[in-house]
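Have a look at the structure below before the remarks.
All values derive from a computational prediction rather than experimental measurement.
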Amino acid sequence: MAINKHKDIIINKYTEYDEDARLVRDRGHNIEYLTTMRYIQKFLKKGAKILEIGAGTGRYSIALAKMGYDVTAVDLVPKHVEIMKSKTQQIKNFKCAIADVLDLSQFDDNSFDMVLNFGPMYHLFNQKDKKQAIRETLRVAATDGICMFAYLPCASFMTGYGLRQQCVSHLYSAMDKTGRVKDDPSEVFTCFYIEDFQKLFAKSNTEYITNVATDGIAYAMQEWVEELSEEDYQAFLKWHFMTCERLDQQGFSSHLLYICRKK
Ligand SMILES: C[S@@+](CC[C@H](N)C(=O)[O-])C[C@H]1O[C@@H](n2cnc3c(N)ncnc32)[C@H](O)[C@@H]1O
């Protein structure tokens with residue numbers, strides 16, 4: 001499929017979707033936000049310059065700008081950038097623009113202390129584009145800068161999304177015999193086996209830090225999470241934060257976060 005046709009599919013999908021509500025919709029989604037924010041804050045240094053790529057309507061970027069960081073947020077979808085602009089007119093340390101992760105030429109090499117690639121990897125279907133997205137993300141990061149990449153693991157793609165959305169046959173037909181999503185589908189989302197994602201960094205100038213199950217089992221079991229008393233929910237959150245870097249939590253997490261340092 002031609003690249004622009006695929007880009008149009010992504011833009012149309014998000015133009016119709018209410019991305020702004022996603023991370024605050026319920027506990028199952030909010031856990032992804034809380035966990036990701038913990039890791040961002042764990043690695044942020046005072047005065048850091050941050051770039052978020054695939055920033056959506058700015059849930060992370062605007063919160064970070066309000067904490068005083070110098071934040072630039074880019075997204076492929078014009079509607080998302082418009083929403084970010086309308087929310088940030090009074091915030092001087094926040095900039096946003098339309099950009100495709102595959103071409104970040106509007107930014108110089110080594111220009112950000114932290115680069116958050118938070119969505120584009122869900123939508124890139126061939127190895128060339130996946131590698132290009134990583135190369136561009138790392139290029140604009142400063143030496144010793146922290147880069148974080150959100151991605152979707154194959155197991156939860158089928159068990160969480162497939163079962164929940166009742167689209168198992170459709171997802172199965174989009175996969176090859178090894179359970180990997182085929183290279184060039186007219187699909188919107190793609191997923192990774194964890195080892196395949198890690199291999200994309202094999203020849204990069206990075207030091208691996210960790211891989212985090214940002215929502216663990218919370219999205220797949222969101223009705224049950226929703227029903228927990230406040231006391232049980234707080235205990236569940238503590239357990240999740242305590243265990244979310246463990247290998248045995250990762251496959252069934254709905255989202256994963258790969259964290260590395262640029263050397
Ligand atoms: C699921 S949303 C995530 C938004 C936000 N970063 C968050 O974590 O909540 C994925 C975002 O990636 C953006 N995106 C998809 N492909 C992209 C690309 N090639 N370049 C830049 N942004 C892209 C989408 O427009 C969307 O806003």
Handout entry: side-chain contact (heavy atoms from CB on, under 4.5 Å) assessment of R27 paired with L228
Key = CA-CA 10 Å; R27 285 172 170 174; L228 292 174; 3.7 Å; yes

Exercise for the section: Kindly indicate whether the side chain of V71, heavy atoms from C-beta on, has any atom under 4.5 Å from the side chain of I62. Expected result: no

Practice task
Check whether any side-chain N or O of D75 sits under 3.5 Å from a backbone N or O of H80 as a donor-acceptor pair, and report yes or no.
Solution key: no

Exercise for the section: Give a yes or no on whether a salt bridge exists between E207 and R261, defined as a side-chain N under 4.0 angstrom from a carboxylate O. Expected result: yes

Practice task
Walk me through it: do Y14 and H123 pass the test ring pair (Phe, Tyr, Trp, His ring centres under 6.0 Å)?
Solution key: CA-CA 12 Å; Y14 279 107; H123 304 291; 5.2 Å; yes

Practice task
Taking the side chain as every heavy atom from C-beta outward, state whether F189 and K13 have any atom pair closer than 4.5 Å.
Solution key: yes

Fill in the blank from the handout: Here the gap from L257 atom CG to T214 atom OG1, rounded to the nearest 0.5 Å, amounts to 6.0 Å

Handout entry: Side-chain ion pair, E136 and K130, N-O less than 4.0 Å
Key = no

Using residues 144-152 as the side-chain source, report each donor-acceptor pair under 3.5 Å to any protein atom, sequence neighbours left out, with the distance given to one decimal.
unit_1, atom_1, unit_2, atom_2, d
Y151, OH, N211, OD1, 3.0
Y151, OH, N211, ND2, 3.2

Exercise for the section: Look at atom NZ of K49 and say whether more than 12 heavy atoms of other residues, nucleotides or ligands are closer to it than 6.0 Å. Expected result: yes

Problem - N/O donor-acceptor pair under 3.5 Å between Q106 side chain and I98 backbone - result: yes

Handout entry: Where L171 and M158 come nearest, the two heavy atoms and their spacing
Key = CB-CE, 3.8 Å

Problem - Under 3.5 Å: donor-acceptor pair, side chain of S253, backbone of G216 - result: yes

Completion exercise
Here the salt bridge (Lys or Arg N to Asp or Glu O under 4.0 Å) pairs for residues 16-26, sequence neighbours left out, are E19-R22, D20-R59, D20-K87, R22-E32

Practice task
Answer yes if M67 and F112 sit in the same cluster of Ile, Leu, Val, Met, Phe, Trp and Tyr residues linked by side chain heavy atoms under 4.5 Å apart, and no otherwise.
Solution key: no

Problem - Ring-face cation of R139 near F107 (centre distance under 6.0 Å, axis angle within 45°) - result: no

Practice task
Would you name the heavy atoms of A213 and T35 that are closest together and state the gap between them?
Solution key: O-CG2, 4.4 Å

Exercise for the section: Check whether any side-chain heavy atom of V101 sits under 4.5 Å from a side-chain heavy atom of L124, and report yes or no. Expected result: yes

Exercise for the section: Establish, from distance only, whether the side-chain atoms of R246 and Q249 form a donor-acceptor pair under 3.5 Å. Expected result: no

Problem - Flag, side chain of T88 to backbone of I91, donor-acceptor distance under 3.5 Å - result: no

Problem - Pair E245, Y39: side-chain N/O donor-acceptor within cut-off below 3.5 Å - result: yes

Exercise for the section: Return yes when atom CD of E231 has more than 12 non-hydrogen atoms of other residues, nucleotides or ligands closer than 6.0 Å, and no otherwise. Expected result: no

Handout entry: From CA spacing to verdict: ring pair (Phe, Tyr, Trp, His ring centres under 6.0 Å), Y208, Y258
Key = CA-CA 8 Å; Y208 170 76; Y258 180 96; 5.4 Å; yes

Exercise for the section: May I have the step-by-step check of salt bridge (charged side-chain N to carboxylate O under 4.0 Å, His left out) for D113 and K45, ending in yes or no? Expected result: CA-CA 8 Å; D113 305 301; K45 297 213 172 101; over 6 Å; no

Problem - Within-4.5 Å side-chain heavy-atom neighbours: L34 and L237 - result: yes

Practice task
Check whether any side-chain heavy atom of W224 sits under 4.5 Å from a side-chain heavy atom of I217, and report yes or no.
Solution key: no

Exercise for the section: State, to 0.1 Å, how close A218 and V225 come at their nearest heavy-atom pair, and which atoms those are. Expected result: O-CG2, 3.9 Å

Handout entry: Aromatic centroids of H255 and Y122 separated by under 6.0 Å
Key = yes

Handout entry: Side chain N93, main chain Y69, donor-acceptor under 3.5 Å
Key = yes

Handout entry: Close side-chain approach of C96 to K85, heavy-atom, < 4.5 Å
Key = yes

Exercise for the section: Using the rule that two of Ile, Leu, Val, Met, Phe, Trp, Tyr join whenever any of their side-chain heavy atoms come within less than 4.5 Å, decide whether Y60 and V74 are in one cluster. Expected result: no

Handout entry: Side-chain heavy atoms of M37 within contact of L64, under 4.5 Å
Key = yes

Problem - Donor-acceptor pair, side chain of S111 and main chain of D108, under 3.5 angstrom - result: yes

Practice task
With the side chain counted from C-beta on, respond yes when D100 and K7 share a heavy-atom pair under 4.5 Å apart, and no when they do not.
Solution key: yes

Practice task
Over all heavy atoms of both residues, which pair between G179 and C154 is shortest? Give the atoms and the distance, please.
Solution key: O-SG, 3.9 Å

Completion exercise
Heavy atoms of V115 and T137 approach each other most closely as CG1-CG2, 3.5 Å

Practice task
Might you point out which heavy atoms bring E223 and R164 nearest each other, and give the distance in Å?
Solution key: OE1-NH2, 2.6 Å

Practice task
May I ask you to decide if S173's main-chain N or O and K182's side chain share a donor-acceptor pair within less than 3.5 Å?
Solution key: yes

Exercise for the section: Find out whether the Lys NZ or Arg CZ of R38 is both under 6.0 angstrom from the six-membered ring centre of F241 and within 45° of the ring's axis. Expected result: yes

Problem - Backbone of Y219 reached by a side-chain donor or acceptor of D215 within 3.5 Å - result: no

